[in-house]
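Take a look at the structure below.
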Amino acid sequence: MKIQVIQGPNLNMLGIREQNIYGPMKLEDIHKQMKAFADQSGVEIDFFQSNLEGELVDKIQESLGVTDGIIINAAAYTHTSIAIADAIKAVSLPTIEVHISNIHARENFRKKSLLAPVCAGQISGFGPFSYHLAMVAMIQILNEIKSIKDQQNQSAS
Ligand code: DQA
């Protein structure tokens with residue numbers, strides 16, 4: 001079981017940017033915690049961050065056939081990117097949208113997510129713990145998919 005984590009623009013500035021909103025934790029520390037939980041859970045995990053919309057689209061496309069599910073914080077592109085939404089739809093991998101802050105409690109322009117309709121679900125507002133919750137949800141989804149496939153294989157044989 002493999003999970004691809006995709007981080008959008010300015011998330012490389014965590015620990016420096018707007019600490020009153022995003023807290024003091026750096027992205028690499030969030031990833032260390034996620035890796036520790038993945039190891040505990042027997043799951044492979046890979047991390048990618050870019051400030052460029054096209055690179056995020058490329059990474060989503062490259063995930064096809066390589067990974068089982070995507071956890072994405074597209075940051076500001078959440079609210080603007082039809083291209084990222086289309087890429088998620090195109091690969092049709094289970095995808096979970098994550099936000100550190102509660103986007104529904106902030107400016108109006110952040111309340112709209114173009115990605116939410118193409119994701120399995122959205123986790124928003126729990127600080128860095130949002131990523132942990134997303135991993136728990138993704139492992140659950142992937143286990144459900146696996147047990148459905150196992151049942152289908154059993155009844156076919
Ligand atoms: C964010 C929320 C977005 O609105 C913002 O542009 C970000 C981070 C979050 O994790 O809370 O860069 O995705």
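Start at 1 and go down the list; that is how both ligands and their atoms are numbered. Numbers here are sequence positions counted from 1. What you see is a predicted model, and the numbers here were worked out from it, not measured in a lab.
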Parallel, tilted or perpendicular, as decided by the 30° and 60° cut-offs, for the rings of Phe37 and His132: tilted
Mode of Arg110 contact toward ligand 1 - side chain, backbone, both, neither (heavy atoms, under 4.0 Å): side chain
Closest approach of any protein heavy atom to atom 8 (C) of ligand 1, naming residue and atom: Tyr22 OH, 3.4 Å
Close-contact set for ligand 1 against Ser101 heavy atoms, below 4.0 Å: 2 (C), 9 (C), 11 (O)
Other residues, nucleotides, ligands: >12 heavy atoms within 6.0 Å of Lys89 NZ: no
Contact check, Glu107 vs ligand 1, heavy-atom distance below 4.0 Å: no
side-chain hydrogen bond (donor to acceptor under 3.5 Å, both in side chains) between Thr78 and Glu97, worked out: CA-CA 9 Å; Thr78 304; Glu97 176 186 348; 4.7 Å; no
Side chain, backbone, both or neither: Thr78 near ligand 1, heavy atoms under 4.0 Å: neither
N or O contact, Ala76 vs ligand 1, cut-off under 3.5 Å: yes
Protein residue, atom and distance nearest to atom 1 (C) of ligand 1, heavy-atom basis: His99 ND1, 3.7 Å
Side chains of Ser50 and Glu55, donor plus acceptor under 3.5 Å: yes
Part of Arg17 with heavy atoms under 4.0 Å of ligand 1, whether side chain, backbone, both or neither: side chain
Asn143 vs Met1, side-chain contact (heavy atoms from CB on, under 4.5 Å): CA-CA, chis, key distance, verdict: CA-CA 9 Å; Asn143 279 330; Met1 198 182 278; 3.2 Å; yes
Which residue and heavy atom of the protein sit nearest atom 9 (C) of ligand 1, plus the separation: Ile100 N, 3.3 Å
Flag for Lys111-Asn108: side-chain donor and acceptor within less than 3.5 Å: yes
Distance-only donor-acceptor check, side chains Gln49 and His31, under 3.5 Å: no
Any Asn10 heavy atom less than 4.0 Å from ligand 1: no
Proximal ligand 1 atoms for His79, defined as those under 4.0 Å from one of its heavy atoms: 3 (C), 4 (O)
Distance-only side-chain donor-acceptor flag, Glu53 / Ser81, under 3.5 Å: yes
